[in-house]
Number of protein chains: 2
Amino acid sequence: MKLESRFWLEQGGEKVFGKGPCVLLETVDRLGTLNKAAAELGMSYSKAWSIIKRAEKQLGFLLMERTTGGVDGGGSSLTPEGKQLIKNYRLFCEEADAFLDELYKKYFGDI
Amino acid sequence: MKLESRFWLEQGGEKVFGKGPCVLLETVDRLGTLNKAAAELGMSYSKAWSIIKRAEKQLGFLLMERTTGGVDGGGSSLTPEGKQLIKNYRLFCEEADAFLDELYKKYFGDI
DNA sequence: TTTCGTTATACTTATTTTTAGATAACGTAT
DNA sequence: ATACGTTATCTAAAAATAAGTATAACGAAA
């Protein structure tokens, strides 16, 4: 038995940002394109795209900067706001998980 | 913008207990029957029943004690283990939420 | 013995959510 | 001009979830 937790930002009852977008953005940051990121994460490009699109729409600012065309086809890189957001989300999750692990032991340590 | 969080117990990759079963059990505890609890929560009886059934199967013990028959048709009440579980889950969520609210302010207070 | 409102369970249908696939635009180098 | 690998977008399919339906057992009271 173990504890699972999930955290996300909401606005008006709609999910704005959470683990899914965060992992995806981190992968984009590492690989340089949304296409490759989707492939590495085992999801379709269209799904990856819609995840980013929805988050951006709710947030009101861009998470990635895109380029199309050119010999390499183009690619995506994180905006400063995107980088800051995933950084904060990661730090949040780290601290939260550490605390919740202790809390779990306190209340469910015996099951 | 606000933070949302969800916590649940897992075993072997399968959800065992979380907010859904907890709310349902609390309602059963208050109303005395699973039937009425399902109605009040706006879900079908069959769904309510399957929620309890799955949780009990994963946990390995009964969450409700059932009676059928009699002039009132019967009803359900929580077992001591069931009461303890929802109590602990509630306390866990309370402490967790309080902590996470502060953490939220720390990392996302400005958005 | 009939009635009543429960629980228990299986099975079918609806709805919602998720996922995949197709197509077009883009721009640089060849 | 062509080719290439991106991004962008829409539509259809599939899967997961939930709802609904039907039937049986139960037991106290009328």
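Per chain, numbering begins at 1; letters A, B, ... match sequence-line order. Bear in mind the structure is a predicted one, so any value in this text is a computation, not a measurement.
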> With respect to the side chain of B:S46, which nucleotide from D:dT9, D:dT21, C:dC26 is positioned closest?
Replying inline: D:dT21

>> Applying a 4.0 Å non-hydrogen cut-off, can you work out what B:G42 is touching in the nucleic acid: base, sugar-phosphate, or nothing?
In response: sugar-phosphate

>> Would you say B:K53 places a side-chain N or O within less than 4.0 Å of OP1 or OP2 belonging to C:dA8?
In response: no

>> Without decimals, in angstroms, what is the distance between B:Y45 OH and C:dC11 P?
In response: 17 Å

>> Quick check on DNA chain D: between A:G70 and A:T67, whose nearest nucleotide comes earlier from the 5' end?
In response: A:G70

> Counting just side-chain N and O atoms, does A:T68 come under 4.0 Å of either OP1 or OP2 of C:dC26?
Replying inline: no

> Roughly, in whole Å, what's the span from CD1 in B:I51 to P in C:dT7?
Replying inline: 14 Å

> Between A:R54 (CZ) and C:dT19 (P), how many Å, whole number?
Replying inline: 11 Å

> Quick one: which of C:dT6, C:dA29, D:dT7 gets closest to the side chain of A:S76?
Replying inline: D:dT7

> Are A:W8 and A:L24 grouped together when hydrophobic residues (ILVMFWY) are joined by side-chain heavy atoms under 4.5 angstrom apart?
Replying inline: no

>> In this structure, how many angstroms lie between the C1' atom of D:dA18 and the CG atom of B:L24, rounded?
In response: 14 Å

> Taking 4.0 angstrom as the limit, do A:E4 and A:K19 come out as a salt bridge?
Replying inline: no

> More than 12 heavy atoms of other residues, nucleotides or ligands under 6.0 Å from CZ of A:R54: is that the case?
Replying inline: no

> A:E65 CD to D:dA8 C1': how many Å, rounded?
Replying inline: 17 Å

> For A:R66 and D:dA8, is the shortest distance between a side-chain N/O and OP1 or OP2 below 4.0 Å?
Replying inline: yes

> Between A:G75 and B:G69, which is nearer to the 5' end of DNA chain D once each is assigned its nearest nucleotide?
Replying inline: A:G75

>> I'd like to know whether CD of A:E81 has more than 12 heavy-atom contacts from other residues, nucleotides or ligands below 6.0 angstrom.
In response: yes

> CZ/B:R90 to OH/A:Y107 distance, rounded to the nearest 0.5 angstrom?
Replying inline: 13.0 Å

>> So B:T33, base contact, sugar-phosphate only, or nothing? Heavy-atom distance under 4.0 Å.
In response: sugar-phosphate

> Want to settle it: does A:S44 or B:D72 sit nearer the 5' end of DNA chain C, counting the closest nucleotide to each?
Replying inline: B:D72

> Of the candidate nucleotides C:dT6, C:dT19, C:dT7, which contains the atom at the shortest distance from the side chain of B:K36?
Replying inline: C:dT6

> Do A:L78 and A:L62 belong to the same hydrophobic cluster, where Ile, Leu, Val, Met, Phe, Trp and Tyr are linked whenever their side-chain heavy atoms lie under 4.5 Å apart, directly or via other members?
Replying inline: no

> Starting at CE of A:M43 and ending at P of C:dA20, how long is that distance when rounded to a whole Å?
Replying inline: 9 Å

>> Nearest whole Å is fine: how far is C:dT16 C1' from A:E14 CD?
In response: 15 Å

> Between C:dT19 and A:K47, is there an OP1 or OP2 to side-chain N/O distance shorter than 4.0 Å?
Replying inline: yes

> How close or far is atom P of C:dA25 from atom CH2 of A:W49, stated in whole angstroms?
Replying inline: 16 Å

> Can you tell me if the side-chain N/O atoms of A:N35 get under 4.0 Å from OP1 or OP2 in D:dG5?
Replying inline: no

